[in-house]
K.L.:
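Mind having a look at this structure? Questions to follow.
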Amino acid sequence: MTKIAVIYYSMYGHTKKLADTAAASAKESGAEVGVFQVPETLPEGVLTAMGAAPRTTDPVASGKTLEEHDGYIFVIPTRYGRAVGQFSAFFDHTGGQWMKQVGANEPVIAYIALSKKFATIITSTGTQHGGQETTALTTIPFFTHHGIIYVPLGYATGDLMNMKEVMGGSPWGAGTLAGADGSRQSSDLELGIVTIHAKHFTSVVHQFVKGGE
C-alpha cells in the first residue's frame with residue numbers, strides 16, 4: 001500500500017488544519033497515512049510570548065520518517081517568502097539520508113534513502129502576497145539534492161481561477177491566508193483545494209508504487 005506522510009509545522013493552528021484535511025483526503029484515496037510535526041526549535045518562553053498554541057500530540061518527524069514513506073505532503077508556514085526556520089532545521093537534519101545516496105562512480109545504480117520518493121507542498125501565509133509560490137520554489141533545492149520528485153498541483157482544479165474571494169493557493173500548491181495577525185481561518189474554498197491537491201498527489205504516488213510492485 002502507498003504510504004504518505006503529512007508533515008507540518010503549526011504555531012497557531014492554521015497549518016494543522018490544512019495537514020488534517022490533506023491527510024483525510026489521502027487516506028480516502030487509498031493511502032496509508034501518517035501525520036507528523038517537525039521538531040520545535042524555539043524555547044518555551046519565546047513560544048509563550050508569541051501566543052503560540054500548545055503543541056499537538058502528533059509524532060515528531062525525523063529523517064527515518066522520510067525513509068519509511070513513499071511520498072510527503074509538506075505543510076509549510078511561510079516566513080519572509082520561504083519556509084519557517086523549524087522546517088529548514090528539519091531539512092538540515094537529513095544529512096544521514098543524503099549520505100546514503102549512491103556516488104557517481106558506483107558501477108550499479110541503487111535507489112535508497114530518499115531518491116525516487118515524491119513530495120508536494122501546501123503553504124500558509126499572512127497575506128496574499130506573502131510568498132506562497134516562493135516558499136515552494138525555495139524548497140525545491142532540498143528535493144533536488146535528495147533526488148525527491150516534486151509534484152505540483154498544477155491546475156488540477158478550476159477553483160484556482162476563482163476571482164470572487166480572497167484565497168490562498170496556486171499551481172505550486174494549495175494554501176491558506178492566515179491574516180497578518182493570524183485571525184483569519186481557512187475558507188471552505190481553500191480547504192476544498194487542499195482536498196483536491198492531496199487526492200491528486202496521492203494518485204501520482206499510487207501510480208509509481210503500483211508500477212514498482
Side-chain angles (χ1 to χ4, degrees), residues 4-26 35-38 41 50 52-53 61 71-92 118-146 148-202 204-205:
I4 302 291
V6 180
I7 303 175
Y8 71 94
Y9 175 77
S10 188
M11 182 175 287
Y12 300 111
H14 297 85
T15 44
K16 168 62 173 167
K17 177 66 173 177
L18 301 182
D20 287 342
T21 301
S25 179
V35 179
F36 304 85
Q37 55 187 324
V38 299
T41 60
M50 295 177 70
Y72 326 115
I73 299 175
F74 290 115
V75 186
I76 307 176
T78 294
R79 295 289 187 277
Y80 305 114
R82 58 182 178 80
V84 291
Q86 290 85 348
F87 248 104
S88 295
F90 171 72
F91 291 148
D92 287 349
F118 292 79
T120 199
I121 298 170
I122 295 171
T123 58
S124 174
T125 54
T127 62
Q128 273 185 289
H129 310 293
Q132 293 196 5
E133 294 182 347
T134 55
T135 296
L137 180 64
T138 54
T139 302
I140 288 177
F142 167 73
F143 301 154
T144 302
H145 282 259
H146 278 291
I148 296 170
I149 302 164
Y150 167 61
V151 181
L153 172 60
Y155 280 94
T157 170
D159 286 340
L160 285 175
M161 299 182 183
N162 185 295
M163 296 290 288
K164 295 181 180 180
E165 64 179 86
V166 173
M167 65 177 213
S170 75
W172 293 83
T176 193
L177 305 173
D181 61 356
S183 62
R184 183 182 182 274
Q185 298 302 310
S186 301
S187 68
D188 290 341
L189 179 62
E190 290 170 331
L191 294 176
I193 295 173
V194 169
T195 297
I196 293 169
H197 185 162
K199 180 179 180 180
H200 169 71
F201 176 72
T202 303
V204 172
V205 184

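Throughout, numbering of the chain's residues begins at 1 and tracks the sequence.
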K.L.:
Hey, are the side chains of P77 and M11 touching, using non-hydrogen atoms and a 4.5 Å cut-off?
P.N.:
no
K.L.:
Could you check D20, V38, V35, I76 and say which one makes a side-chain contact (heavy atoms from CB on, under 4.5 Å) with Y8?
P.N.:
V35
K.L.:
Any side-chain heavy atom of F201 sitting closer than 4.5 Å to one from I122?
P.N.:
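F201 does not reach I122 side chain to side chain.
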K.L.:
For I148 and F142, what are the C-alpha separation, side-chain angles and deciding distance, and is it a side chain to side chain contact (heavy atoms under 4.5 Å, CB included)?
P.N.:
CA-CA 8 Å; I148 296 170; F142 167 73; 4.1 Å; yes
K.L.:
Among side-chain atoms of S10 and T15, is any donor-acceptor pair under 3.5 angstrom?
P.N.:
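There is such a pair (donor and acceptor under 3.5 Å, judged by atom type) between the side chains of S10 and T15.
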K.L.:
Looking only at heavy atoms, what is the nearest atom pair of G179 and R184, with distance?
P.N.:
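Heavy atoms of G179 and R184 come nearest at N-CB, 4.0 Å.
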K.L.:
Any side-chain heavy atom of H200 sitting closer than 4.5 Å to one from T120?
P.N.:
no
K.L.:
What is the distance from atom CG of D159 to atom NZ of K164, rounded to the nearest 0.5 Å?
P.N.:
11.0 Å
K.L.:
If you measure from OG1 on T139 to OH on Y150, what distance do you get to the nearest 0.5 Å?
P.N.:
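With rounding to 0.5 Å, OG1 (T139) is 9.0 Å from OH (Y150).
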K.L.:
Roughly how far, to the nearest 0.5 Å, is CD1 of I140 from CH2 of W172?
P.N.:
4.5 Å
K.L.:
Heavy atoms, side chains only, cut-off 4.5 Å: are L177 and Q132 in contact?
P.N.:
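Touching, per the 4.5 Å side-chain cut-off.
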K.L.:
Do T123 and T135 meet the criterion of a side-chain donor-acceptor pair at a distance under 3.5 Å?
P.N.:
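The criterion, which ignores hydrogens and geometry beyond distance, is not satisfied for T135 and T123.
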K.L.:
Do F87 and I7 have side chains that get closer than 4.5 Å, going by heavy atoms?
P.N.:
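Sidechains of I7 and F87: in contact.
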K.L.:
If I take atom NE2 from residue H197 and atom CG from residue L153, how far apart are they, to the nearest 0.5 angstrom?
P.N.:
5.0 Å
K.L.:
Step by step, work out the ring pair (Phe, Tyr, Trp, His ring centres under 6.0 Å) result for F74 and F91.
P.N.:
CA-CA 11 Å; F74 290 115; F91 291 148; 5.5 Å; yes
K.L.:
Mind checking what makes side-chain contact (heavy atoms from CB on, under 4.5 Å) contact with S186, not counting sequence neighbours?
P.N.:
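Expected list: L18, T176, E190, L191.
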K.L.:
Can you see which heavy atom on A198 is nearest to which on T202, and at what distance?
P.N.:
O-OG1, 2.7 Å
K.L.:
Within this structure, what is the CG-CD1 distance for the pair N162 and I193, rounded to the nearest 0.5 Å?
P.N.:
7.5 Å
K.L.:
Over all heavy atoms of both residues, which pair between L160 and G154 is shortest? Give the atoms and the distance, please.
P.N.:
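Taking L160 first and G154 second, the nearest heavy atoms are CD1-O, 3.2 Å.
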K.L.:
Looking only at heavy atoms, what is the nearest atom pair of G71 and V205, with distance?
P.N.:
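So the minimum-distance heavy-atom pair works out to N-CG1, 4.4 Å.
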K.L.:
Looking at K17, I'd like to know if its NZ atom is crowded, meaning that more than 12 non-hydrogen atoms belonging to other residues, nucleotides or ligands lie closer than 6.0 Å.
P.N.:
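Count not over threshold, so no.
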K.L.:
At their closest point, which heavy atom of R82 faces which heavy atom of T138, and how far apart are they?
P.N.:
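Shortest heavy-atom contact: CB-OG1, 3.7 Å.
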K.L.:
Sequence neighbours excluded, which residues qualify as salt bridge (Lys or Arg N to Asp or Glu O under 4.0 Å) partners of K199?
P.N.:
none
K.L.:
Just by modelled atom types, is the G81 backbone N or O under 3.5 Å from a matching donor or acceptor in the T134 side chain?
P.N.:
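The answer is yes, because a donor-acceptor pair under 3.5 Å joins these two groups.
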K.L.:
Within the supplied structure, the quantity of interest is the number of heavy atoms (other residues, nucleotides, ligands) at a distance under 6.0 Å from D188 CG; does it exceed 12?
P.N.:
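Not buried by this count: 12 neighbours or fewer within 6.0 Å.
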K.L.:
When rounded to the nearest 0.5 angstrom, what is the spacing between OH in Y9 and OG1 in T41?
P.N.:
6.5 Å
